[in-house]
Amino acid sequence: MCGELRAEDAGRDVVLMGWVNRRRDHGSLIFLDLRDRSGITQVVVGEQTAEAHAKAEAARPEYVVAVKGRVRQRAAGLNNPNMVTGEIEVVAEELLLLNESKTPPFSPSEDAIANEEVRLKYRYLDLRRAGMQENLALRSRVAMAIRNYLVGEGFLEIETPFMTRSTPEGARDYLVPSRVHAGQFYALPQSPQIFKQILMISGFDRYFQVARCFRDEDLRADRQPEFTQIDLEMSFPQQDTIFRVAEGFLTAAFAAGGVALKTPFLRMTYDDAIKNYGIDKPDMRLPAMVSLSDVLTPELRTTLRIEQELPVLGFVIPGVGELSGTARKALLSEVRAGFGDCGLDLLDVARLKTNVEFAPLAEAIEAKLSGSDPTHDVDTIMNGAPGLITKSNVSTPKSDADLIIVVTPKIGTPTMWNFDPQWIWKRVGALRLQLGVKYAEKHGRFAKTGTETDFKFCWVTDFPMYEWDEEAKVWNAAHHPFTSPHEDDIAAGRLTNDKGAVRALAYDIVLNGTELGSGSIRIHRQDVQAEIFRSLGMTDAEAKDRFGFFLDALEYGTPPHGGIALGLDRIVMILAGATSLREVIAFPKTAKAIDLMVDAPTPVSEQQLRELHLRVR
RNA sequence: GGGGACGUAGCUCAGUUGGUUAGAGCGCUGCCCUGUCACGGCAGAGGUCGCGGGUUCGAGCCCCGUCGUCCCCGCCA
């Protein structure tokens, strides 16, 4: 292939086929760079081979050609050190133009153009670019590594249906009308959830699937309407069993991408994630938030007009550099404007320092924040309580170049916002991320080094079981209604008395602030499952109507089981250093869920609609 | 559903305060060239300034609407 020839191949007779990447015509001497997915080789066509020369003259970029010739070591000084094939060239004896090409709207020989609309319309040309070829090759290697790992661990890959039953909970379904059954619809699966649980009931105690899932919701850079999950389920697992399997296949996947991961990953509870990062998917490449509540005496709170009981939170954005007075003030007012009228304010630590009265406070804040930078030290993690840590003991000294942000609730700030008592932590966490992005170039922690340090994994455990929906005035399942609550919470009767306090045996795996996947230990007792449906406001009749087949199945000897699903697209995206899923999916959709190449969706004929018993409103 | 950015040649972009015939680089076409590899040289073609309406003596530029792409919020059990 075009990228494989080396100096030791000199003298070999070869046939190369590929696309003309570039043509350099020197009159009686023509160079063709021939490209296929393995790389590029220079072909030389001289006028001694008159027929080949004439064809080389006619060749244009993206023509498909076949070359028969001999590999030659290049003379001294003619090497191209920028190409792996730069020490050789192929001297053409015969040249065939297998196919012509129109002038492409952009050249596959260059880096990605800015205009994604054009890239997606001519996706077949975009995919010829080396970057996309590498991404899709990486994706294939990662998927294969995961399959190999799971099969080696005794998992069976079993396919579940694409055409299934609509479940109105959760994301909107893509529907498929039935021709045979007028007015009835299949739904494309949002996940194979119920099928894989039924496979556990059937005794396939280790199942996995590289499963396509469909959700009719609005898109983001990291969300496509159809996406691929590594979906797995096990019988008789502990939470730790599932963590070990997931860590195992992620290690295999990242090894396929040339990155050696250290396991086990850091773990923290949902509550700790909120308290330390203000979010359930912490990006630990940046220092955590720190509670400064105990640094402020009641007297200081009064003087500085800070609410007595609410948290005071601070964090550091490292390496921002010294800000001028004007720049600091601009930043403060920008952040204050972002707070709107929610009652939060900033403490200007730099200014406090200049005031004799407040200088000790400023120093105390700085001292407290200097230990806030976590590392990925596995020993530290494992020495903590089993599976739980709040913060690493390892600290990074704070330097003057670090930006200190301290958020204070003003007197009169509400303790709840949208019925969420954690809103202050979440708001400050959002600010932390916002400033982290703003100063990304300064702190450099989002930069790609290609090593394991680029990838900060963690498990977030003990998610809440229920979420209050203020608009509908109902409790919803935070994960999904098949998730098992903690035994303690069931025993304490919290399913009925105190839904907000019920913890689920649900967990997420997070990488660099992106949710890679989530899973749970499931409910395996029919009575508990029925109870959960009731606690979600479903009558027994409704539950039977929607999930009757599943409740029935649960009554025939269901083993304890649990599992997890990880987004393959997201894994590959982060591993490839891409910022959009579109870079790792061959034929993705736009933000409006349109395929610009095939132009889908489209209206269909009246005839098709009639067969499906449909009328468009 | 909401907010923001962008839309000028095939591509990447510039276009001043509203003022003559809308520019550059790359690409493309033709010719020349035996050592290039982002080849080079000469010449040339290429525009519904996303679309529609308005203001104006005059609109790429101002206003209104609309379409498309991207990012974010909502949403994503």
Side-chain angles (χ1 to χ4, degrees), chain A residues 21-35 40-48 53 57 60-62 72 74-83 85-89 91 101-122 125-126 167-173 190-191 193-194 213-225 227 338 418 430 433-434 437 463 465-467 469 471 474-483 504 506 515 518 520 532-533 536 538 546-547 565 567 579-580 582 589-594 596:
Chain A
N21 197 55
R22 281 208 167 81
R23 185 181 69 115
R24 291 177 296 281
D25 184 348
H26 290 240
S28 53
L29 189 68
I30 299 173
F31 298 99
L32 296 178
D33 287 344
L34 209 58
R35 184 195 71 232
I40 292 173
T41 289
Q42 171 167 286
V43 174
V44 196
V45 192
E47 66 189 336
Q48 315 84 288
H53 185 265
E57 217 163 21
R60 290 292 179 274
E62 302 311 312
R72 176 167 76 188
R74 297 201 200 176
L78 297 181
N79 289 357
N80 184 345
N82 299 321
M83 293 170 76
T85 59
E87 288 181 32
I88 54 94
E89 61 194 355
V91 184
S101 168
K102 288 169 69 175
T103 301
F106 57 90
S107 171
S109 70
E110 289 169 358
D111 289 341
I113 60 170
N115 189 339
E116 249 194 295
E117 221 173 320
V118 178
R119 284 181 60 195
L120 290 175
K121 180 171 179 195
Y122 298 94
L125 298 178
D126 192 43
T167 51
E169 289 82 14
R172 274 180 280 262
D173 287 323
Q190 299 173 27
S191 89
Q193 183 61 35
I194 291 184
C213 303
F214 306 85
R215 292 179 189 174
D216 185 7
E217 296 294 343
D218 287 347
L219 283 75
R220 289 282 188 285
D222 61 355
R223 266 163 37 191
Q224 283 273 317
F227 58 100
N418 282 331
L433 286 179
Q434 185 194 326
V437 170
F463 271 74
M465 181 77 190
Y466 299 96
E467 253 168 16
D469 181 344
E471 224 165 90
V474 290
W475 289 98
N476 287 324
H479 184 54
H480 57 57
F482 314 110
T483 302
E515 182 196 317
S518 65
S520 60
I532 293 293
F533 284 144
L536 291 167
M538 231 183 277
R546 286 185 203 171
F547 299 110
T579 53
S580 164
R582 293 184 299 277
K589 295 185 174 53
T590 70
K592 289 220 172 125
I594 288 169
L596 289 174

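All figures in this text were calculated on a predicted structure; none of them were measured in a lab. Computation of the quantities below employed the complete heavy-atom set of this structure, encompassing side-chain atoms and omitting hydrogens, waters and symmetry-equivalent molecules. A, B, ... follow the sequence lines: proteins, then strands. Residue 1 opens every chain.
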Taking the [atom1] atom in each of [N] and [M], what is the distance between them to the nearest angstrom?
N     : M     : atom1 : answer
B:G15 : B:C49 : C1'   : 11 Å
B:G18 : B:C61 : C1'   : 7 Å
B:U55 : B:G74 : C1'   : 37 Å
B:G46 : B:G27 : C1'   : 11 Å
B:C26 : B:U20 : C1'   : 29 Å
B:U34 : B:C39 : C1'   : 12 Å
B:C76 : B:G65 : C1'   : 32 Å
B:C33 : B:A22 : P     : 37 Å

Whole-Å gap separating [atom2] ([N]) and [atom1] ([X]):
X        : N     : atom1 : atom2 : answer
A:Phe214 : B:C76 : CZ    : C1'   : 16 Å
A:Gln224 : B:C70 : CD    : C1'   : 13 Å
A:Lys121 : B:G10 : NZ    : P     : 12 Å
A:Leu120 : B:U69 : CG    : P     : 9 Å
A:Lys592 : B:G68 : NZ    : C1'   : 7 Å
A:Arg119 : B:U69 : CZ    : P     : 15 Å
A:Ile40  : B:U36 : CD1   : P     : 18 Å
A:Lys589 : B:C70 : NZ    : P     : 13 Å

Which pair of non-hydrogen atoms, one from [X] and one from [Y], has the smallest distance, and what is that distance?
X        : Y        : value
A:Leu536 : A:Ala477 : CD2-N, 3.4 Å
A:Gln190 : A:Gly170 : OE1-C, 4.2 Å
A:Pro225 : A:Lys589 : CG-CD, 3.8 Å
A:Phe31  : A:Glu89  : CE2-OE1, 4.5 Å
A:Leu29  : A:His53  : N-NE2, 4.1 Å

What pairs of nitrogen or oxygen atoms, one from the protein and one from nucleotides 71-73 of chain B, lie under 3.5 Å apart?
{"unit_1": "B:C71", "atom_1": "OP1", "unit_2": "A:Arg582", "atom_2": "NH1", "d": "3.4"}
{"unit_1": "B:C71", "atom_1": "OP1", "unit_2": "A:Arg582", "atom_2": "NH2", "d": "2.9"}
{"unit_1": "B:C72", "atom_1": "OP2", "unit_2": "A:Ala221", "atom_2": "N", "d": "3.4"}
{"unit_1": "B:C73", "atom_1": "OP2", "unit_2": "A:Arg220", "atom_2": "NE", "d": "2.9"}

Between [X] and [Y], is any pair of side-chain heavy atoms under 4.5 Å apart?
X        : Y        : result
A:Phe533 : A:Arg546 : no
A:Gln42  : A:Thr85  : no
A:Arg35  : A:Glu62  : yes

Point to revise | Residue mapping more 5' on RNA chain B - nearest nucleotide basis, A:Glu117 or A:Ala477 | key: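 Nearest-nucleotide comparison on RNA chain B picks A:Glu117.
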
Review point. Looking at residues at least two apart in the chain, or sitting in another chain, which of them share a side-chain hydrogen bond (donor to acceptor under 3.5 Å, both in side chains) with A:Glu217?
Key: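 Partners of A:Glu217 under the side-chain hydrogen bond (donor to acceptor under 3.5 Å, both in side chains) test: A:Arg172.
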
**Study point:** Spacing of A:Thr41 atom OG1 and A:Asn21 atom CG [to the nearest 0.5 Å]
**Key:**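 Spacing of OG1 (A:Thr41) from CG (A:Asn21) equals 11.0 Å.
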
Using both distances under 3.5 Å as the test, list the Watson-Crick or G-U wobble partner of [N], or none.
N     : answer
B:C76 : none
B:U12 : B:A24
B:U66 : B:G50
B:C61 : none
B:G18 : none

Study note, to complete from the structure: Letter by letter from the 5' end, nucleotides 28-35 of chain B scores (B base, S sugar-phosphate only, - none; protein heavy atoms under 4.0 Å) SSS--BBB

Review point. Counting any heavy atom closer than 4.0 Å, what does A:Pro481 reach on the DNA or RNA strands: base, sugar-phosphate only, or nothing?
Key: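 The residue A:Pro481 makes base contact.
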
Practice item. Using a 4.0 Å heavy-atom cut-off across all strands, classify A:Asp111 as base, sugar-phosphate, or nothing. Key: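 No contact at all - A:Asp111 keeps every heavy atom at 4.0 Å or more from the nucleic acid.
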
Exercise for review: Classify the angle between the aromatic ring planes of A:Trp475 and A:Tyr466 as parallel (below 30°), tilted (30 to 60°) or perpendicular (above 60°).
Suggested key: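 If you compare the ring of A:Trp475 with that of A:Tyr466, the planes turn out perpendicular.
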
Check your understanding: Listed by chain and number, what are the salt bridge (charged side-chain N to carboxylate O under 4.0 Å, His left out) partners of A:Arg220, not counting sequence neighbours?
Key ->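 None.
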
Practice item. Tell me, please, which residues at least two apart from A:Glu116 pass salt bridge (charged side-chain N to carboxylate O under 4.0 Å, His left out). Key: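 Scan of A:Glu116 (salt bridge (charged side-chain N to carboxylate O under 4.0 Å, His left out), adjacent residues dropped) gives A:Arg582.
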
Point to revise | Of the listed nucleotides B:C75, B:U69, B:C39, the one nearest the side chain of A:Thr590 | key: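 Nearest nucleotide to the side chain: B:U69.
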
Check your understanding: Choosing from B:C76, B:C11, B:C37, which nucleotide comes nearest the side chain of A:Arg223?
Key ->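 Looking only at side-chain atoms, A:Arg223 lies closest to B:C76.
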
Check your understanding: Hey, is A:Arg223 close enough to A:Asp218 for a salt bridge, meaning N to O under 4.0 Å?
Key ->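 Result for this pair is no, no salt bridge flagged.
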
Under 3.5 Å between N/O atoms: give me all the protein pairs with nucleotides 3-8 of chain B, atom names plus distance.
none

Practice item. Give a yes/no on whether any side-chain N or O of A:Arg24 is located under 4.0 angstrom from OP1 or OP2 of B:C39. Key: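 Yes, such a contact exists.
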
